[in-house]
Amino acid sequence: MQYDRTDARILEIVQKNNRLTSEVIGELAGLSATACQRRLKRLRSEGIIEADVSILSPKAVGNPIQMLVLVTLERERSDIIDRFKKAIKSSAEVVNGFYVTGDADFVLYITARTMEDYEQFTRRFFYENPDIKAVKTMVIMDRVKSGFAIPIEIPAEE
């Protein structure tokens, strides 16, 4: 997956606001709208742009309770890890899931309507799973920063 300086500029722009038109993005990146559309299409097809999303307020959509959950599996076997990854992907409550190194095997970002709802989720998702050794929940008191913007390395000019 390669990108040039113009692509890098486009990536910086769409990470800040992906609702801009191709005309505006092109103008900011020094391209025509058509050239910008072609580059965006290629960046998406090559998987450099994985998704175009909106970041919602959990409170505004009725899920004010947010948690970070550290999950440790009973043992690290590929079939157990794969099964748990599949469970994460199929769970609406799990907003983000990461397979990590360190004290835990996974870190999950979960939202819930109430603590009672979260308790029901933990019973169903964690406690009924014999592959899980430990679960540690940290309730988020304040979401200080939220986003998916990644710093873009600008390729050297050729």
Verify the cluster assignment for [X] and [Y]: are they in a single hydrophobic cluster under the rule of side-chain heavy atoms below 4.5 Å apart?
{"X": "Val135", "Y": "Val107", "value": "no"}
{"X": "Val24", "Y": "Ile10", "value": "yes"}
{"X": "Met141", "Y": "Val139", "value": "no"}
{"X": "Tyr127", "Y": "Met115", "value": "yes"}

Residues which pass side chain to side chain donor-acceptor pair (under 3.5 Å) with Asn18, listed by chain and number, not counting sequence neighbours: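 None.
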With sequence neighbours excluded, residues passing side chain to side chain donor-acceptor pair (under 3.5 Å) with Gln66: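 Only Tyr109 meet the side chain to side chain donor-acceptor pair (under 3.5 Å) criterion with Gln66.
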How far does [atom1] of [X] sit from [atom2] of [Y], to the nearest 0.5 angstrom?
{"X": "Leu40", "Y": "Ile48", "atom1": "CG", "atom2": "CD1", "answer": "11.0 Å"}
{"X": "Asn96", "Y": "Leu108", "atom1": "CG", "atom2": "CG", "answer": "9.5 Å"}
{"X": "Ser91", "Y": "Ile110", "atom1": "OG", "atom2": "CD1", "answer": "7.0 Å"}
{"X": "Ile25", "Y": "Ile13", "atom1": "CD1", "atom2": "CD1", "answer": "6.5 Å"}
{"X": "Leu31", "Y": "Arg38", "atom1": "CG", "atom2": "CZ", "answer": "9.0 Å"}
{"X": "Tyr3", "Y": "Leu11", "atom1": "OH", "atom2": "CG", "answer": "7.0 Å"}

So, do [X] and [Y] sit near enough that their side-chain heavy atoms are less than 4.5 Å apart?
{"X": "Val14", "Y": "Leu20", "result": "no"}
{"X": "Val100", "Y": "Asp105", "result": "no"}
{"X": "Leu28", "Y": "Arg9", "result": "yes"}

Residues in ring pair (Phe, Tyr, Trp, His ring centres under 6.0 Å) with Tyr99, at least two apart?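 Scan of Tyr99 (ring pair (Phe, Tyr, Trp, His ring centres under 6.0 Å), adjacent residues dropped) gives Phe106.
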Does Phe121 have any ring pair (Phe, Tyr, Trp, His ring centres under 6.0 Å) partners at least two apart in sequence or in another chain, and if so, which?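 Applying ring pair (Phe, Tyr, Trp, His ring centres under 6.0 Å) to Phe121 gives Phe125, Phe126.
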Using every non-hydrogen atom in the two residues, find where [X] and [Y] come nearest and quote the distance to one decimal.
{"X": "Gln15", "Y": "Ala149", "result": "OE1-CA, 3.0 Å"}
{"X": "Thr111", "Y": "Pro58", "result": "CG2-CB, 4.4 Å"}
{"X": "Ile55", "Y": "Gly147", "result": "CD1-CA, 3.4 Å"}
{"X": "Ser57", "Y": "Arg143", "result": "CA-NH2, 4.0 Å"}
{"X": "Gly26", "Y": "Cys36", "result": "N-SG, 3.7 Å"}
{"X": "Asp117", "Y": "Ala112", "result": "CB-CB, 4.5 Å"}

Contacts of [X] that satisfy salt bridge (Lys or Arg N to Asp or Glu O under 4.0 Å) - sequence neighbours left out:
{"X": "Arg39", "answer": "Asp4, Asp7"}
{"X": "Glu119", "answer": "Arg123"}
{"X": "Glu46", "answer": "Arg42"}

Expected list for residues 67-74: side-chain donor-acceptor pairs under 3.5 angstrom, two or more places apart:
none

Taking atom CZ of Arg44 as the centre, does the number of heavy atoms from other residues, nucleotides or ligands within less than 6.0 Å exceed 12? yes
For atom CG of Asp52, is the number of surrounding heavy atoms from other residues, nucleotides or ligands below 6.0 Å larger than 12?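 Yes - once you tally the heavy atoms of other residues, nucleotides and ligands closer than 6.0 Å, there are more than 12.
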Quick one: name the residues clustered hydrophobically with Ile150, using the 4.5 Å side-chain heavy-atom rule over I, L, V, M, F, W, Y, and just say none if it's on its own. none
Under 4.5 Å between side-chain heavy atoms, chaining through other members, with only Ile, Leu, Val, Met, Phe, Trp and Tyr counted: pull out the rest of the cluster around Val144, sorted by chain and number. none
Which pairs would a plain distance check flag for residues 79-86, meaning a side-chain donor or acceptor within less than 3.5 Å of a matching protein atom at least two apart in sequence or in another chain?
unit_1 : atom_1 : unit_2 : atom_2 : d
Asp79  : OD1    : Arg77  : NE     : 2.9
Asp79  : OD1    : Arg77  : NH2    : 3.3
Asp79  : OD2    : Arg77  : NH2    : 2.7
Arg83  : NE     : Asp131 : OD2    : 3.3
Arg83  : NH2    : Asp131 : OD2    : 3.0

Just by distance, with hydrogens left out, do Thr137 and Tyr118 show a side-chain donor and acceptor under 3.5 Å apart? yes
Strictly distance-based, threshold 3.5 Å: is any side-chain N or O of Arg5 a donor or acceptor partner for the main-chain N or O of Pro155? yes
Can you list the residues that meet the side-chain contact (heavy atoms from CB on, under 4.5 Å) rule with Glu27, with sequence neighbours excluded? none
